[in-house]
2 protein chains.
Amino acid sequence: MTDEAISSSDCSRAEARRNQILEAAEACFREYGFHGASISRISKSCGMSAGHIYHYFENKEAIIAAIVANDLDRLLAMSAEMRNADNVLDALIDRVAEGVVEQLESRGAGLKLEIAAEAARNPTVAEIVRGADRRCTASLAETFRLARLAAGKSATPEEIARMVEVIAAMFDGLLLRRVRQADIDTRELIVGFQSVIRCLITS
Amino acid sequence: MTDEAISSSDCSRAEARRNQILEAAEACFREYGFHGASISRISKSCGMSAGHIYHYFENKEAIIAAIVANDLDRLLAMSAEMRNADNVLDALIDRVAEGVVEQLESRGAGLKLEIAAEAARNPTVAEIVRGADRRCTASLAETFRLARLAAGKSATPEEIARMVEVIAAMFDGLLLRRVRQADIDTRELIVGFQSVIRCLITS
DNA sequence: CGTTCTAGTTTGAGCGCTCATTCTAAGTTA
DNA sequence: TAACTTAGAATGAGCGCTCAAACTAGAACG
């Protein structure tokens with residue numbers, strides 16, 4: 001219930017400090033998990049005292065929530081730009097490669113997994129995650145609808161929803177594959193993903 | 001370095017106690033996460049004193065390792081039986097439904113996610129997880145090889161490996177979909193999964 | 001039969017430590 | 001001076017884990 005508006009005089013400085021904390025916290029959470037990363041560890045990592053962090057965040061959960069929200073905003077931004085393309089199907093197939101690489105890239109992937117695990121038991125985090133997913137899948141659905149129409153196929157809401165769910169599962173699954181299989185052949189995986197998507201849209 | 005052989009007289013009693021601890025720990029880990037679940041909480045949950053747990057497990061990590069190994073053994077058992085069927089392709093498509101339901105079922109799913117997140121930063125857990133995955137995907141690969149041959153298609157190791165990775169990603173992804181989307185239409189998802197698998201095998 | 005001995009089982013207090021969080025007080029800036 | 005910023009010690013709670021003592025039940029003995 002502490003107000004978020006920290007300062008009247010110098011807002012940018014406070015904003016910078018907040019980001020500094022978030023960046024350090026993100027690194028710690030990735031390395032130790034949400035519960036394994038302590039405030040003192042975070043404070044050391046961002047070069048300020050433990051108590052000082054509480055000037056910018058009400059508690060540890062607020063830091064977690066901020067990071068989750070940040071991370072999902074990035075995801076949303078990426079998914080949003082996909083719709084604005086000339087040839088939707090080609091653009092879609094092209095973006096698959098980027099998408100696969102992005103999901104397998106270690107920096108973000110570990111954190112996303114951590115967030116999901118936390119969401120499975122923390123209602124606050126679950127709500128944030130679900131909100132982002134709703135917007136993300138809606139965007140994906142519209143892209144698929146356009147792709148189906150461009151391919152001269154039917155595009156009932158049921159068909160689209162089904163496709164979205166399958167594709168979403170595939171991409172989300174990459175986060176786990178990264179952990180479960182040490183040496184993934186990214187290029188082969190991209191080929192596989194592309195053929196599945198092509199098959200879904202043109203059949 | 002404490003020896004695992006606890007008793008000479010009554011081994012089954014010790015085994016029962018171990019399982020009692022594991023069951024309680026599993027529930028706690030699911031609810032609070034590996035780091036959020038304390039020994040004292042686990043001890044309360046299985047109705048014995050905190051200290052007593054250390055007669056059966058060297059430390060908390062050993063409990064985690066045991067649960068991870070248990071859980072993955074169950075997974076392996078399920079995947080192993082899939083190969084022994086008359087019509088491989090039909091059997092495969094049929095099992096998809098079971099597989100999807102199994103992955104979405106809440107009891108096991110939360111724990112698997114927790115395990116994956118832990119594996120992302122705990123090398124001991126990662127090694128267990130990867131070992132299980134290797135055996136699991138090998139089994140899946142053989143099933144796919146037979147299915148492709150039955151369908152009169154080529155089955156080069158590369159093709160098979162690619163299919164396995166895509167399918168594995170899809171199923172692993174369900175663990176995340178469960179969290180990210182509150183109300184999944186399981187039946188629609190099964191239809192979608194089946195059509196993708198059919199498409200992969202017969203093209 | 002009852003008693004003592006013995007060895008495994010179980011307890012719970014408590015160790016040293018770290019946790020999230022609060023608070024005081026000093027430093028900085030304007 | 002007055003307001004803001006920062007540090008870091010202090011707090012009480014809870015952590016993983018240890019250990020000495022209490023309990024239990026069956027074997028050995030008289």
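Proteins get letters first, then strands, A, B, ... in listed order; numbering begins at 1 in each. Atom set for the values below is all heavy atoms of this structure, side chains included, hydrogens, waters and symmetry mates excluded.
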Phosphate OP1/OP2 of [N] contacted by [X] side-chain N/O (<4.0 Å):
| X | N | result |
| --- | --- | --- |
| B:Ser49 | C:dT11 | yes |
| A:Arg41 | C:dT18 | no |
| A:Tyr54 | D:dT5 | no |
| B:Ser40 | D:dC15 | yes |

note = Between A:Gly36 and A:Gly51, whichever has its closest DNA chain C nucleotide further toward 5' is A:Gly36
task = Decide yes or no on side-chain contact (heavy atoms from CB on, under 4.5 Å) for A:Asp133 and B:Val179, but give the supporting numbers first.
result = CA-CA 10 Å; A:Asp133 190 78; B:Val179 170; over 6 Å; no
inquiry  = The test is salt bridge (charged side-chain N to carboxylate O under 4.0 Å, His left out); show your working for B:Arg74 and B:Glu26 and say whether it passes.
reply    = CA-CA 14 Å; B:Arg74 261 176 268 160; B:Glu26 204 173 301; 3.5 Å; yes
Output the rounded distance in Å from [atom1] ([X]) to [atom2] ([N]).
| X | N | atom1 | atom2 | result |
| --- | --- | --- | --- | --- |
| A:Ile53 | D:dG8 | CD1 | C1' | 13 Å |
| B:His52 | D:dT18 | NE2 | C1' | 15 Å |
| B:Ile42 | D:dC17 | CD1 | P | 10 Å |
| B:Ile64 | D:dC15 | CD1 | P | 15 Å |
| A:His55 | D:dA3 | NE2 | P | 17 Å |
| B:Glu15 | C:dT9 | CD | P | 13 Å |
| B:Ile21 | C:dT11 | CD1 | P | 11 Å |
| A:Tyr56 | D:dT6 | OH | C1' | 8 Å |

message = With a sphere of 6.0 Å drawn around CZ of B:Arg41, does it hold more than 12 non-hydrogen atoms of other residues, nucleotides or ligands?
response = yes
message = Heavy atoms from C-beta onward define the side chain here; which of C:dT21, D:dT5, D:dG16 lies closest to that of B:Lys60?
response = D:dG16
key: Exercise: identify the closest heavy-atom pair between B:Val166 and A:Leu189   = N-CD1, 4.3 Å
inquiry  = Hydrogens and angles aside, do B:Asn122 and B:Glu61 bring a side-chain donor and acceptor to less than 3.5 Å of each other?
reply    = yes
